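Structure record follows, encoded as structure tokens.
Only a predicted model underlies this, so the values are computations on that prediction, with no experimental measurement involved.
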Amino acid sequence: MRAARITGIGQTDLATVPVPEPEPGTVLVRTRHVGICGTDLEILHGTSAFLQDGRITFPHVFGHEWYGEVAAYADEPPAHAPAVGSLVVGRTMVPCGHCAQCHAGRAQMCTALREIGLYGLQGGAADYVRVPTHALTPLPDGLPEAAGALIEPAVSVVEAFERARLRFDDQVAVIGTGTMGLLAVQFAHRHAAKVHAIGIDRPGLDLALRCGADAAHHADEAPQGAYSLVVEASGAASAFTGALRMAERGGRVALVGVAREPVSFVPGELSLQGVDVLGIQHGISHYDRTVALFEQGVLDADPLVAEVFPALSAESVGAAFALLEQGRSGPPKILLTFGG
């Protein structure tokens, strides 16, 4: 089968590799679309924490944002498992189900966690991917093609709003006009009193307005102390302190973006202002709910897709990463397609 790989720092290819062998309790899925994102770019650059601590080695078949079609079960599937030929989205995080954290209902904190396309399990950027049967969520007929590949980032957005206890009267600021930022704008547009987009890319801010933002501000001109909930989805270190300044007294700040550089702030200000800061790791329990949000039109993938690259050659894989690396103005998501 074809497999798109990161083979070294700054290097990618499209290789021919064996189809994964059957293992008890697993299912083989034929990939359709795979999204690539900043996490994949960190692997390509050699800056990923998973690479630095040895959980990732090269060559690496990436792809943690993906969906596809059930091809075959390794053994008798459990009752109500998706039928062969049906569409499914893969859950990135695969907990063990046996450790103390799993038993406590904290599967995201599993001590033996594996993540498809990141560490422990081959990614979806291949003709076929083998995953545990329980790590799949069915997709409804008629769901737009791009939506399947955007469910994975969207579950973290849903987690952010749930943990932040989004209210109908919330005044929301979303920092960042990448994939998760625009998904957050779409969600808040339907469920909050007001949502403003904050960013540095004018086409991205214009797209946020089309996604439902009531206003769009350059980061240097964002209102201070004006929002009951701030969602930081840019991943820029400076945006963390910016989010604290934008939150009103007693407000909440949900960190979806993953900043890697240190910042300076006065911890006492959190106490004096009564601000809650929430670190959002993932939304492992929200896949079914997020699929429904796309099905109902609350979330819309189509405006977010910049380009779709057929996985036909090493050059096409490299071109997809090059576009991601160079930055886009406007639609943020880049997809690889392995066909139906």
Side-chain angles (χ1 to χ4, degrees), residues 4 20 25-37 39-40 61-73 77-78 80-95 107-108 113-118 120-160 162 179-180 182-183 186-187 256 281-302 304-305 308 311 332-340:
T26 66
V27 57
L28 195 67
V29 180
R30 181 171 178 80
T31 301
R32 287 202 175 181
H33 283 76
V34 180
I36 59 174
C37 72
T39 301
D40 301 307
V61 180
F62 59 90
H64 59 280
E65 304 175 0
W66 63 275
Y67 81 101
E69 176 183 321
V70 175
Y73 286 92
H80 309 300
V84 171
S86 62
L87 293 179
V88 291
V89 60
R91 302 175 196 164
T92 295
M93 289 185 169
V94 181
Q108 292 181 186
L113 189 71
R114 296 176 293 168
E115 297 194 59
I116 295 171
L118 294 176
L121 292 166
Q122 176 209 296
D127 284 320
Y128 293 97
V129 56
R130 181 187 63 205
V131 299
T133 303
H134 63 81
L136 295 176
T137 297
L139 295 177
D141 293 335
L143 193 73
E145 286 281 307
L150 267 73
I151 289 165
E152 195 277 343
V155 299
S156 294
V157 172
V158 176
E159 172 79 352
E162 175 157 297
T179 299
M180 288 198 288
L182 293 172
L183 290 169
Q186 291 179 350
F187 190 98
V256 178
Q281 182 191 23
H282 188 56
I284 194 172
S285 62
H286 301 309
Y287 277 82
D288 292 293
R289 297 170 64 187
T290 303
V291 170
L293 290 171
F294 279 103
E295 188 177 21
Q296 295 160 6
V298 175
L299 301 178
D300 183 5
D302 288 342
L304 277 58
V305 176
V308 180
K333 180 51 62 181
I334 295 168
L335 303 177
L336 285 170
T337 178
F338 286 82

side-chain contact (heavy atoms from CB on, under 4.5 Å) between Gln186 and Val298, worked out: CA-CA 7 Å; Gln186 291 179 350; Val298 175; over 6 Å; no
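- Of the possible donor and acceptor atoms, none in the side chain of Thr31 sits under 3.5 Å from a partner among the backbone N and O of Gly68.
- Of the inter-residue distances, the one linking His33 atom NE2 with Leu335 atom CG reads 6.0 Å to the nearest 0.5 angstrom.
- Between the CZ atom of Phe294 and the CG atom of Leu183 there is a distance of 5.0 Å, given to the nearest 0.5 Å.
- Looking at every heavy atom in both residues, Gly148 comes nearest to Leu143 through N-CD2, 4.4 Å.
- Partner of His286 under the side chain to side chain contact (heavy atoms under 4.5 Å, CB included) criterion, out of Val291, Ile151, Val157, Val158: Val158 alone.
- Val131 places none of its side-chain heavy atoms less than 4.5 Å from the side chain of Leu121.
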His282/Gln108 under side-chain hydrogen bond (donor to acceptor under 3.5 Å, both in side chains): CA gap, chis, key distance, verdict: CA-CA 7 Å; His282 188 56; Gln108 292 181 186; 5.9 Å; no
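- The closest side-chain donor-acceptor pair between Tyr67 and Glu152, if any, does not fall under 3.5 angstrom.
- Using a 4.5 Å heavy-atom threshold, the side chains of Pro132 and Arg114 count as touching.
- Heavy-atom minimum distance, Ala149 versus Gly35: CB-N, 4.2 Å.
- A heavy-atom distance below 4.5 Å is not found between the side chains of Leu118 and Met93.
- Not a single donor-acceptor pair under 3.5 Å links the side chain of Glu295 to the backbone N or O of Leu139.
- Put simply, CD1 on Ile284 and CG on Leu113 are 6.5 Å apart, with the number rounded to the nearest 0.5 Å.
- Remark: side-chain polar atoms of Glu115 are not paired, donor with acceptor, to backbone N or O of His64 under 3.5 angstrom.
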